Protein chains: 2
Amino acid sequence: MTNKEKQTEEKIAEAAREVFIEKGMHGARMQEIADKAGINKSLLHYYFRSKEKLFDYIFSKIIGRIGNMFTEVMTEGVTIENKLKMFVSTYIDTLLKNPFLPNFIFNEITRNPEGILKRFKSANINPKELFIPLEKQLRAEGYKVDTRDFVLNLISMVVFPIAAKPIANSLLFDGDSKAYKNYIITRKESIVTFVMGALEAYK
Amino acid sequence: MTNKEKQTEEKIAEAAREVFIEKGMHGARMQEIADKAGINKSLLHYYFRSKEKLFDYIFSKIIGRIGNMFTEVMTEGVTIENKLKMFVSTYIDTLLKNPFLPNFIFNEITRNPEGILKRFKSANINPKELFIPLEKQLRAEGYKVDTRDFVLNLISMVVFPIAAKPIANSLLFDGDSKAYKNYIITRKESIVTFVMGALEAYK
DNA sequence: GTCTATATGGCGATAGAC
DNA sequence: GTCTATCGCCATATAGAC
């Protein structure tokens, strides 16, 4: 592959990523992707044959990146509390930078539920490798909480308020986006406090 | 309005509700709605003029229903713990019956964030009326938790695992849907335990 | 490899008969 | 009020020149 090809492909991928994440597979328009990439519409097909294939390529890359972040954070750190802090902080930062990401992923897993496992596998992500050590550590530190509850509750609290931003923003902050963003940042601490409080009750 | 009109309109609304919730505004097809309602495509336009208007009608009704459920549950009950139990149980039941609902709402508020406040208002839902008494009650029972954190964390834990079902299901239960549904039902209790544990830490 | 022009198909919407 | 037939648009996709 020549340098020129690489450059164009990269431009397309970046543009497609933005448009797909914001609009979803159905809402996205090839014309908009082409415009954003500064190229012609037919070039998209030259590089990726079809919209579906372009989407697949982008989606798999995103899933891979998220999985990797997950793995890195979960294997780092020492105590549960410190892992919590890292996890919450890292993911809230990512989500603030990519506020459309949760909805995008919800959509696509709803549209094609079978595809998700396949994509995790092709990204070399094995959930059990993360889950079992985490369970061991929870027990070692004396927390008898169900590990699935722990993980799901944690991720829920991090992701949901970003996914539901427009609704929470309008109901809790009268539509003041800046206030909402600041509030989300305070959650980096408050989620840890909340979860650690809950964990104590399981001791 | 004649009986016949009412019947057809009702059939259309029911079909449209199902299709829109499952596919979203962009993904839904007028043809599919017509088929499901057992009528001709052009009748849809006779009754609702356009896809957009039909969608608006359905969406507003859904928002209204959810808001009403919310109000009912939040004003009933005595202690915080009992309100929690009712809320969690009621919403998990509703979401199990309508698993596409969270994604549907996430999508539409993302597509049209301005519309959401308007729709809450036209459904006569005033969030402050729910929020302020709840805050008072939390304080009265000695919980010094931030009320926004409390509400958002709670809703997150209820809604997110349903919205993320395909992903959580494949990662935690190897795709066994029945096991996942059973797990969600156990959350009716475990969420209450988790939240009450967290609340104790704020006393 | 990149462009212009055009084909192809699908979908929302309308016209008009009954 | 309900149907059949059809219009017109728009988005994906392809053909072909350069």
Side-chain angles (χ1 to χ4, degrees), chain A residues 1-61 100 103-104 107-108 110-112 115, chain B residues 1-62 100 104 107-108 110-112 115:
Chain A
M1 191 179 296
T2 69
N3 260 357
K4 208 174 189 181
E5 272 177 320
K6 194 77 195 168
Q7 271 180 24
T8 308
E9 201 172 309
E10 199 43 53
K11 274 194 299 180
I12 292 176
E14 178 54 27
R17 185 178 179 279
E18 289 175 28
V19 177
F20 276 134
I21 287 185
E22 186 169 343
K23 306 280 177 70
M25 166 65 188
H26 279 299
R29 297 286 164 245
M30 294 295 262
Q31 185 63 60
E32 189 179 351
I33 296 173
D35 291 348
K36 195 161 270 190
I39 55 142
N40 192 279
K41 207 172 44 160
S42 59
L43 257 198
L44 296 181
H45 291 90
Y46 176 79
Y47 276 93
F48 291 93
R49 271 197 71 82
S50 74
K51 185 187 184 182
E52 191 73 32
K53 284 200 168 59
L54 174 55
F55 179 83
D56 263 27
Y57 174 76
I58 301 294
F59 188 58
S60 292
K61 262 178 64 172
F100 293 114
N103 283 314
F104 171 73
N107 267 338
E108 299 316 322
T110 303
R111 234 175 38 94
N112 177 23
Chain B
M1 194 179 289
T2 71
N3 260 356
K4 206 174 189 180
E5 272 178 321
K6 193 75 196 169
Q7 271 180 25
T8 309
E9 201 174 307
E10 198 43 54
K11 275 195 297 181
I12 292 175
E14 178 54 27
R17 184 179 179 277
E18 287 175 29
V19 177
F20 275 134
I21 286 185
E22 185 168 346
K23 307 279 175 70
M25 165 68 187
H26 279 299
R29 297 286 163 249
M30 294 296 263
Q31 186 63 61
E32 191 180 350
I33 295 173
D35 290 348
K36 194 161 273 190
I39 53 142
N40 191 279
K41 202 173 53 159
S42 58
L43 257 198
L44 296 181
H45 291 92
Y46 176 77
Y47 278 92
F48 290 92
R49 273 197 69 85
S50 74
K51 188 185 184 184
E52 192 73 31
K53 283 200 170 59
L54 174 55
F55 179 84
D56 262 26
Y57 173 76
I58 302 294
F59 189 59
S60 292
K61 261 177 64 172
I62 291 173
F100 293 114
F104 171 72
N107 266 337
E108 300 315 323
T110 304
R111 230 175 41 91
N112 177 21

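These numbers come from a predicted model, not from an experiment. Chain letters run A, B, ... following the sequence lines, proteins first and then strands; every chain starts at 1.
Between B:Arg17 and B:Glu14 there is no salt bridge, since none of the side-chain N atoms of the basic residue sits less than 4.0 Å from a carboxylate O of the acidic one.
Side-chain contact between A:Arg29 and A:Lys23 is absent, with no heavy atoms from C-beta onward closer than 4.5 Å. Side-chain contact check for B:Glu18 versus B:Phe100: every heavy-atom pair is 4.5 Å or farther apart.
Remark: P of C:dG9 and NZ of A:Lys51 are 18 Å apart, rounded to the nearest angstrom. The distance from atom CZ of B:Phe55 to atom C1' of C:dG12 is 16 Å, rounded to the nearest whole Å. In this structure, B:Ile12 places its CD1 atom 8 Å from P of D:dT2, rounding to the nearest Å. One atom, NZ of A:Lys23, and another, C1' of D:dA11, lie 14 Å apart when rounded to the nearest Å. Across the protein-nucleic acid pair, B:His26 atom NE2 and D:dA11 atom P stand 10 Å apart, rounded to whole Å. Here the P atom of nucleotide D:dT14 and the CG atom of A:Leu43 are 14 Å apart, to the nearest Å. The OH-C1' distance, from B:Tyr47 to C:dA13, rounds to 18 Å in whole Å. A straight line from CE of A:Met25 to P of D:dA11 spans 14 Å, rounded to a whole angstrom.
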Report the C-alpha separation of B:Met25 and B:Glu52 in whole Å, then their side-chain angles, then the decisive distance to 0.1 Å, and conclude whether the side chain to side chain contact (heavy atoms under 4.5 Å, CB included) test is met.
CA-CA 8 Å; B:Met25 165 68 187; B:Glu52 192 73 31; 3.2 Å; yes
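Less than 4.0 Å separates DNA chain C from at least one heavy atom of each of the following residues of residues 28-38 of chain B: B:Ala28, B:Arg29, B:Met30.
Note on ring orientation: taking the six-membered ring where Trp is involved, the planes of A:Phe104 and A:Phe59 are perpendicular (angle over 60°, cut-offs 30° and 60°).
Comparing C:dC3, C:dA13, D:dT12 by their nearest atom to the side chain of A:His45 picks out D:dT12.
Partners of A:Phe20 according to the ring-ring contact (aromatic ring centres under 6.0 Å, His included) rule, which considers only residues two or more places apart in sequence or in another chain, are A:Phe55.
For A:Tyr46 and D:dA13, the shortest distance from a side-chain N or O to OP1 or OP2 is not below 4.0 Å. Distances shorter than 4.0 Å separate none of the side-chain N or O atoms of A:Ser50 from OP1 or OP2 on D:dT12.
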Every protein N/O within reach of nucleotides 4-6 of chain D N/O, cut-off under 3.5 Å:
| from | atom 1 | to | atom 2 | distance (Å) |
| --- | --- | --- | --- | --- |
| D:dT4 | OP2 | B:Asn40 | ND2 | 3.1 |
| D:dT4 | O4 | B:Ser42 | OG | 3.1 |

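Looking at A:Glu108 and A:Asn112, their side chains never bring a donor and an acceptor atom within 3.5 Å of each other.
Taking each heavy atom of B:Ile12 and B:Ile33 in turn, the nearest pair found is O-CG2, 4.3 Å. Between A:Asn40 and A:Ala34 the shortest heavy-atom distance is C-CB, 3.9 Å.
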